**Student:** 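Take a look at the following structure, please.
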There are 2 protein chains.
Amino acid sequence: MTGIKALAQHLDLSIGTVSRALNGKPDVKAETRRRVLAAAKELDYRPNHSGRSLRHGRTNTVGLVLETGSPSTLAGDTFFMHLVDAMQETLAEEGLDLVLLPCRSADDPIEFLRRHVTRRMVDSIVITATRRQDERIAMLLEDGTPFLALGRSETPGAYPWIDLDFAGAARDSVDALVRLGHRRIAIAAPRRDVNLAHIYMEGYRDALAAHGLPVDEALILRASGSENGGVQVAEALLRLEDRPTAVMLGQELMAIGLYSHLAQVGVQPGRDLSVIGFRQSPQLRFLSPALACFALDVRALGKEVGQAVMALSADPVAARGIGRVWPLEYVPAPSVQPPVR
Amino acid sequence: MTGIKALAQHLDLSIGTVSRALNGKPDVKAETRRRVLAAAKELDYRPNHSGRSLRHGRTNTVGLVLETGSPSTLAGDTFFMHLVDAMQETLAEEGLDLVLLPCRSADDPIEFLRRHVTRRMVDSIVITATRRQDERIAMLLEDGTPFLALGRSETPGAYPWIDLDFAGAARDSVDALVRLGHRRIAIAAPRRDVNLAHIYMEGYRDALAAHGLPVDEALILRASGSENGGVQVAEALLRLEDRPTAVMLGQELMAIGLYSHLAQVGVQPGRDLSVIGFRQSPQLRFLSPALACFALDVRALGKEVGQAVMALSADPVAARGIGRVWPLEYVPAPSVQPPVR
DNA sequence: CTGTTAGCGCTTTCAT
DNA sequence: ATGAAAGCGCTAACAG
């Protein structure tokens, strides 16, 4: 015999009483509770998760879907780890556990999600790398699974999301560059349908318009959101006839490839071409000259996400439709200088 | 009503029959099975995970413990993501799911593990960043939870592990350097108690001995396993009176900080100081001159780990004591050159 | 305050 | 080939 039954037998009590004692319910004599707790410790009793969730209909576990394989995840690695670390801090306070659900690159994200949602291994889900049109959201809405989207989407419906202020980052980038005299500003956005690329791009267009500057489609570059993408961007930039005086990058790792390729051909960031990166990341700290980019408080964000998830479990309906944009702070650096030409 | 009961009622069958039909058991009329499967699809029936595991005593889920916060995880992150991706490929074939259990930096690893093991949310566990003396192993052994250690340990007991051949990497590094004429070879190892640092170091000592070279303790540097650690290493190297002609790094990211600091003071890797990195990583591809380091087939490793985990579930006892060292291949590059002095 | 009991969703005998 | 029923471990409602 195992589990609570063994414990009850050992104590010569009913399993009901033992359960109540263990779960801090009232109507248990102090002395009895003490005995039960002691015995539980002694016999190393640990409640079976499946039994409990079957009974409760809850698992007290939150799942965060991580797309292994997608450049954006691979890139944001330290970002996600720090985020997760902070999320847990909040969730732990409420006794919630967090598990990461790695979605294989080979897997269909919908199928993957369905499999997990369905099995009710987790009570609620956090999806990441939100797409502009995101089937996962439609599915989760239809399914009724409480979820939070890390990143906005244009998929209609009432659901909570938290997103970084990429439009603001684009605007601040353009503003900073224009203030210094730049007029031809290129932008590199990752090719994927991840919505942040779209939002970043729109922010760029709007900001140019606000400054009365034309949008030159030739200056809008698409590349993969990785170091290699940065190389491609550099090559494309150097190929342009009327070369821009500045470029803003829509993915943090691009800066590494860009710097590398520019160095090879003797073009110096800042002096010859101003560069503004994306999310600040430890990996970028060693670029020279230092890269202007956007800082955020990952820990605070993680806690906020944790809060949002808890609101989700507490009251899925109330949590609906709550969207929050998280600020990004421009950090100037020598990679941005007045244009020479 | 929900679940299999609803399905059975809809079909006007007993839940027993439905269950058998669903699970491909014999003794179900072909026609009936067809009907059941069709109805399951139509009603979007999905078995409840808790119910199933409660019945089976298994969850068909494997947990991989990830230490968020530890530099080694944060660093090797793309490594882990690729590994996980490949692992899943193997596990999926057997219908096993993989979840990542992020262990907060603030959490006690033992406590964390116990909580999860305890709840039997996963059937087996993969631990990472194995320590030289690893309490987790002792705990899991005592507990009887099937587990696999990614990384060797000196903690006694019969348990399966897979580790990269860091001793071999150290030996190959020393060999390559000595062959070129290097005699004073420094080594930088991360400070943490993670066993690989120890093994790498021992490999270094042994290789020097094999070449009849003395071990100069002044050339053994300790630093954090991060970019910053690399900076510290560079500083320490430049401070040495009788400067070594080469350095080998015990953590991949160190190379970034090292290169950065060397560049600042005008010391060129390869020409002025030979450098051999650790695990090959996309992040290092843009270092110039290219860094000599150690390549491995992460996908193949992932599959191997997946296999090992499956063996674990199939027969925990048979899987015991199986240790495997995974080869690392030295990739020469211009960061290694004959010494000038 | 404690014991008894029903039942969460599922699989698996054991009858029929 | 199918149905009935037991029971996995647990909690909660009810009875005493």
Side-chain angles (χ1 to χ4, degrees), chain A residues 1-37 39-40 43-61 95 97 115-123 145, chain B residues 1-37 39-40 43-61 95 97 115-123 145:
Chain A
M1 195 185 323
T2 60
I4 203 172
K5 212 150 75 181
L7 191 57
Q9 184 163 313
H10 174 82
L11 285 159
D12 202 27
L13 282 170
S14 77
I15 56 173
T17 304
V18 173
S19 173
R20 265 165 304 175
L22 251 21
N23 293 297
K25 303 283 176 188
D27 290 344
V28 178
K29 190 162 56 169
E31 160 65 8
T32 306
R33 190 186 305 276
R34 209 191 43 67
R35 274 183 62 218
V36 172
L37 260 25
L43 298 194
D44 195 25
Y45 166 76
R46 327 199 216 134
N48 177 302
H49 193 238
S50 300
R52 202 175 243 184
S53 18
L54 187 54
R55 181 65 235 229
H56 273 139
R58 282 184 296 102
T59 62
N60 288 324
T61 305
D97 262 313
R115 215 170 64 232
H116 279 280
V117 158
T118 191
R119 303 165 70 164
R120 312 276 155 192
M121 250 194 76
V122 295
D123 297 333
T145 304
Chain B
M1 198 184 319
T2 60
I4 203 171
K5 211 149 77 181
L7 190 57
Q9 184 162 314
H10 174 82
L11 285 160
D12 202 27
L13 282 170
S14 77
I15 58 172
T17 305
V18 172
S19 172
R20 266 166 303 180
L22 251 20
N23 293 297
K25 302 283 175 187
D27 289 345
V28 179
K29 193 163 51 170
E31 160 66 9
T32 307
R33 189 187 303 277
R34 209 192 42 67
R35 276 182 61 218
V36 171
L37 260 26
L43 299 195
D44 193 27
Y45 167 75
R46 325 194 220 138
N48 177 301
H49 192 238
S50 300
R52 202 174 245 187
S53 6
L54 186 53
R55 183 61 233 234
H56 273 139
R58 283 184 295 104
T59 62
N60 287 323
T61 305
D97 263 314
R115 214 170 63 231
H116 281 278
V117 158
T118 243
R119 303 165 68 162
R120 312 277 156 190
M121 248 194 76
V122 295
D123 297 333
T145 304

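Note that this is a predicted model, so its numbers are computed, not measured. First the proteins, then the strands, lettered A, B, ... as listed; each starts at 1.
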**Student:** Measure CG/A/N60 against P/D/dT11 and give the value in whole Å, please.
**Tutor:**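 Going from CG in A/N60 over to P in D/dT11 covers 11 Å.
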
**Student:** On DNA chain D, nearest-nucleotide positions of A/T17 versus A/K5: which is more 5'?
**Tutor:**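 Nearest nucleotide further toward 5': that of A/K5.
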
**Student:** Does A/S50 make a side-chain N or O approach to OP1 or OP2 of D/dC8 shorter than 4.0 Å?
**Tutor:**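 Result: no.
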
**Student:** Backbone N or O of A/G16 within a donor-acceptor pair of the A/R20 side chain at under 3.5 Å?
**Tutor:**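 Checking the backbone N and O of A/G16 against the side chain of A/R20, a donor-acceptor pair under 3.5 Å is found.
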
**Student:** Within the modelled atom types, does a donor on one side and an acceptor on the other bring the side chain of B/R55 and the base of D/dG9 under 3.5 Å apart?
**Tutor:**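 Flag unset: no donor-acceptor pair detected.
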
**Student:** How do B/L54 and B/G16 order along DNA chain C: which one's closest nucleotide is nearer the 5' end?
**Tutor:**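 Between the two, 5'-proximity favours B/L54.
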
**Student:** Is it the case that the side chain of A/T59 and the backbone of A/M121 share a donor-acceptor pair, with hydrogens and angles ignored and the cut-off at 3.5 Å?
**Tutor:**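 The answer is yes, because a donor-acceptor pair under 3.5 Å joins these two groups.
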
**Student:** Kindly say if B/R52 contacts the phosphate of C/dT11, meaning a side-chain N or O under 4.0 Å from OP1 or OP2.
**Tutor:**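 The answer is yes; a side-chain N or O of B/R52 sits under 4.0 Å from OP1 or OP2.
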
**Student:** Which part of the nucleic acid does B/T2 contact within heavy-atom distance under 4.0 Å: base, sugar-phosphate only, or nothing?
**Tutor:**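 Result for B/T2 = sugar-phosphate.
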
**Student:** Going by heavy atoms in the side chains, are A/V28 and A/V36 under 4.5 Å from each other?
**Tutor:**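 Not touching, per the 4.5 Å side-chain cut-off.
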
**Student:** When you measure only distances, ignoring hydrogens and angles, does the side chain of B/R20 come within 3.5 Å of the base of D/dG3 through a donor and an acceptor?
**Tutor:**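 In this structure, the two groups form a donor-acceptor pair.
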
**Student:** Kindly determine whether A/H116 and B/D97 satisfy side-chain contact (heavy atoms from CB on, under 4.5 Å), including the steps that lead there.
**Tutor:** CA-CA 9 Å; A/H116 279 280; B/D97 263 314; 3.8 Å; yes

**Student:** Between C/dG9 atom P and A/R58 atom CZ, what is the distance in whole Å?
**Tutor:**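 In whole Å, C/dG9 P and A/R58 CZ are 15 Å from each other.
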
**Student:** Contact class for B/L13 vs. all strands (heavy atom < 4.0 Å): base, sugar-phosphate, or nothing?
**Tutor:**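 Since only primed, P, OP1 and OP2 atoms lie under 4.0 Å of B/L13, the category is sugar-phosphate.
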
**Student:** Exactly one of B/R34, B/K29, B/R35 should register a side chain to side chain donor-acceptor pair (under 3.5 Å) with B/E31. Which one does?
**Tutor:**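 Exactly one pass, corresponding to B/R34.
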
**Student:** Rounded to whole Å, please give me the gap between CG in A/L22 and C1' in D/dG9.
**Tutor:**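 Nearest whole value for this atom pair: 12 Å.
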
**Student:** Quickly work out the A/I4 CD1 to D/dC8 P distance and round it to whole Å.
**Tutor:**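 Whole-Å distance recorded here is 14 Å.
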
**Student:** Find the distance A/L7:CG to D/dG9:P and express it as a whole number of Å.
**Tutor:**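 After rounding, the gap between these two atoms is 13 Å.
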
**Student:** Under 4.0 Å between a side-chain N or O of B/N48 and OP1 or OP2 of C/dC8?
**Tutor:**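 Looking at the OP1 and OP2 atoms of C/dC8, neither is under 4.0 Å from any side-chain N or O of B/N48.
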
**Student:** Between P on C/dG7 and NE2 on A/H56, what's the gap in Å once rounded to a whole number?
**Tutor:**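 These atoms are roughly 17 Å apart.
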
**Student:** Taking atom CG of B/D44 as the centre, does the number of heavy atoms from other residues, nucleotides or ligands within less than 6.0 Å exceed 12?
**Tutor:**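 Above 12, so yes.
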
**Student:** Of the nucleotides C/dC10, C/dG3, D/dC10, which one has an atom closest to the side chain of A/I15?
**Tutor:**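 In terms of side-chain proximity for A/I15, the closest of C/dC10, C/dG3, D/dC10 is D/dC10.
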
**Student:** To the nearest 0.5 Å, tell me how far B/L43 CG sits from B/T2 OG1.
**Tutor:**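 Taking CG in B/L43 and OG1 in B/T2, the distance rounds to 12.0 Å.
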
**Student:** Residues of residues 25-36 of chain A with any non-hydrogen atom less than 4.0 angstrom from an atom of DNA chain C: list those, numerically ordered, please.
**Tutor:**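 A/D27, A/V28, A/K29, A/T32, in order of number.
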
**Student:** So, is A/H49 close to the D/dC10 phosphate, meaning a side-chain N or O under 4.0 Å from OP1 or OP2?
**Tutor:**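 No, because none of the side-chain N or O atoms of A/H49 sits under 4.0 Å from OP1 or OP2 of D/dC10.
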
